[in-house]
Amino acid sequence: MKVLITGGAGFIGSHLAKHCLLHDHEVTIIDNLITGNHRNIEPLISKPGCTFLEADIVSFDFNTLDSFDVVFHLASPASPVQYSKYPLQTLRTNAEGTHRVLEFMRRTNSPRFLLASTSEVYGDPKEHPQKEEYWGNVNSFGPRSCYDEAKRYAEAITYTYGTTYGIDVRVARIFNTYGPAMEPDDGRVVSNFITQCISGKDITVFGNGSQTRSLCYVSDMVHGLYELATRDGLGMEVINLGNPNEKTVLEIAKIIKTITGSDSEIVYKPIGKDDPQRRRPDITKARLLLGWEPAVELEAGLVYTVEYFRNLL
Ligand code: NAD
Ligand code: UDP
């Protein structure tokens, strides 16, 4: 198959590109490296069947490309620190960028599209765990809205291209994912706590650490995304992908402190506005339609991730 991955030099995208190459697909990556890193794709782009285009999907001339069998659309800053640093780029990438990718698909009759959406479309959820039917509790005018609302728009335009032009679209609502190839300074909970622990700095827990997240190891996420994109008969489906193993942020800090054997102190810092209090995916639909569920235990995944950061830093 000919596969296009927007955002393929990022954390999840680079693992997905590797997975597709291992399945003998021809992979084209478009990435402007705003939050991704060339280091992630260096081992891939030297392989036959992998092409890297350093470009912004908001301005790239898609007329230079022919059709693809599957388009994985992952381009977007993803961590709160990064989308706060690049709010306009985040809005434009998910709105204009998604529109331009879908328009390219319509023009070239490219059949299948997977949108990397997010659990952030549920906002600070009032229902727990979050099912796909839940419409969310999102602030449209706040520090997270450049991401949350842009992703909600991306879902809406994906839906509309599916219904209007018959493109076989699928939406993955990705919950917090971690693993090797995360950027050490992306500000996410796992990368922050690991880099703090291995460099002997204080572990910064925001608020009192009682807010929860459910962390999914990246290889599990990539399997889920691949199944969702490649199985037949899933057009117009929206599916949560994530690990239902819910932990408080304080628990995550303690687990990482133990795994790294660190003497770092846990310190408490102010929590950001609209930080979701509880998050856990209901993955019944993924189990039923994809035969998928996460296989990597949190401690094991964190050990692999700590090893990655120890080698990197
Ligand atoms: P990432 O920042 O590592 O990867 C995103 C990639 O997109 C980067 O390489 C970046 O340079 C690229 N990009 C951004 N804007 C672009 C543009 N205009 N043109 C071309 N490339 C552009 O983030 P990630 O964690 O790998 O996330 C990948 C996708 O999954 C994102 O769409 C994100 O919203 C979604 N997601 C991730 C998580 C998670 O926990 N990692 C959770 C929910 C959703
Ligand atoms: N967090 C924290 N300390 C940090 C980084 C994050 O306590 O140094 C918390 C953050 O407040 C949030 C959770 O960890 O409640 C997950 O944050 P992250 O930025 O990884 O992703 P989010 O799920 O908020 O998008």
Side-chain angles (χ1 to χ4, degrees), residues 5-17 29-38 40-41 53-60 72-84 86 89-98 100-101 114-121 124 144 147-148 150-151 154 172-179 181-183 186-196 201-216 218 221-222 225 240-242 247-250 252-253 266-279 281:
I5 305 179
T6 74
F11 160 49
I12 299 176
S14 58
H15 286 275
L16 181 63
I29 292 169
I30 303 184
D31 200 302
N32 64 354
L33 302 179
I34 187 171
T35 55
N37 199 314
H38 200 267
N40 295 336
I41 50 169
L53 305 170
E54 185 174 341
D56 186 332
I57 57 163
V58 173
S59 54
F60 177 67
F72 290 93
H73 180 39
L74 276 72
S76 171
S79 79
V81 164
Q82 285 163 332
Y83 61 70
S84 302
Y86 303 113
Q89 289 93 331
T90 303
L91 282 157
R92 293 191 66 189
T93 296
N94 283 289
E96 294 161 56
T98 304
R100 295 183 88 245
V101 172
L114 181 139
L115 172 69
S117 185
T118 168
S119 53
E120 284 283 326
V121 300
D124 189 3
R144 297 175 90 101
Y147 183 68
D148 299 10
K151 285 287 184 183
R173 291 199 181 135
I174 299 174
F175 284 65
N176 296 67
T177 302
Y178 71 99
M182 294 176 96
E183 287 300 308
D186 66 11
R188 298 190 235 219
V189 63
V190 170
S191 39
N192 265 12
F193 289 177
I194 292 179
T195 54
Q196 289 162 346
K201 296 195 179 122
D202 289 344
I203 307 170
T204 55
V205 167
F206 300 157
N208 61 11
S210 65
Q211 70 274 31
T212 67
R213 292 297 186 272
S214 306
L215 302 174
C216 184
V218 66
M221 182 55 59
V222 163
L225 291 171
N240 286 339
L241 294 178
K247 294 271 182 257
T248 67
V249 164
L250 188 57
I252 296 169
I266 292 177
V267 298
Y268 296 88
K269 300 275 180 191
I271 193 164
K273 187 173 178 304
D274 300 336
D275 194 315
Q277 192 53 39
R278 292 188 76 186
R279 182 181 290 157

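Bear in mind the structure is a predicted one, so any value in this text is a computation, not a measurement. Whatever order the structure lists ligands and atoms in, that order sets their numbers, starting from 1. Just so you know, these numbers use all the heavy atoms, side chains as well, and skip hydrogens, waters and symmetry mates.
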Give the numbers and elements of all ligand 1 atoms closer than 4.0 Å to a heavy atom of [X].
X     : result
Ser76 : 2 (O), 5 (C), 7 (O), 13 (N), 14 (C), 15 (N), 31 (C), 32 (O)
Leu33 : 11 (O)
Gly36 : 8 (C), 9 (O), 10 (C), 11 (O)
Ala55 : 19 (N), 20 (C)
Ala9  : 9 (O)

Below 3.5 Å, N or O to N or O, backbone or side chain included: is there any such pair between [X] and ligand 1?
X      : answer
Ile57  : yes
Thr118 : no
Phe11  : yes
Val58  : no
Thr35  : yes
Gly10  : yes
Asn37  : no
Ser119 : no
Ala78  : no
Asn176 : no

Check each atom of ligand 2 against the heavy atoms of [X] and keep those under 4.0 Å away; list them by number with element.
X      : value
Arg188 : 19 (O), 20 (O)
Val205 : 7 (O)
Asn176 : 21 (O), 22 (P), 23 (O)
Asn192 : 4 (C), 5 (C), 8 (O)
Asp275 : 10 (C), 11 (O), 12 (C), 15 (O)
Glu120 : 25 (O)
Thr204 : 2 (C), 3 (N), 4 (C), 7 (O), 8 (O)
Gly187 : 5 (C), 19 (O)

For [atom], what's the nearest protein heavy atom and its distance?
atom                    : result
atom 36 (N) of ligand 1 : Tyr147 OH, 3.9 Å
atom 16 (C) of ligand 2 : Arg213 NE, 3.6 Å
atom 2 (C) of ligand 2  : Phe206 CD1, 3.4 Å
atom 25 (O) of ligand 2 : Arg144 NH2, 3.2 Å
atom 18 (P) of ligand 2 : Val189 N, 3.8 Å

Is [X] touching ligand 2 with its side chain, its backbone, both, or neither, if touching means heavy atoms under 4.0 Å apart?
X      : value
Val190 : neither
Val249 : side chain
Gln211 : side chain

Next on the checklist: One residue to check: Lys151. Relative to ligand 1, which of side chain, backbone, both or neither has a non-hydrogen atom less than 4.0 Å away?
Outcome noted: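 Under 4.0 Å from ligand 1, Lys151 contributes side-chain atoms alone.
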Checklist entry - Ion pair present between Glu120 and Arg144, side-chain N to carboxylate O less than 4.0 angstrom? => result yes
Checklist entry - Does a salt bridge link Lys273 with Asp124, judged by any charged N lying under 4.0 Å from a carboxylate O? => result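 No salt bridge links Lys273 with Asp124.
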Checklist entry - Hey, are Gln277 and Ser210 close enough side-chain-wise for a donor-acceptor pair under 3.5 Å? => result yes
Item to check | Thr204 and Gln196 side chains, donor-acceptor separation under 3.5 Å | outcome: yes
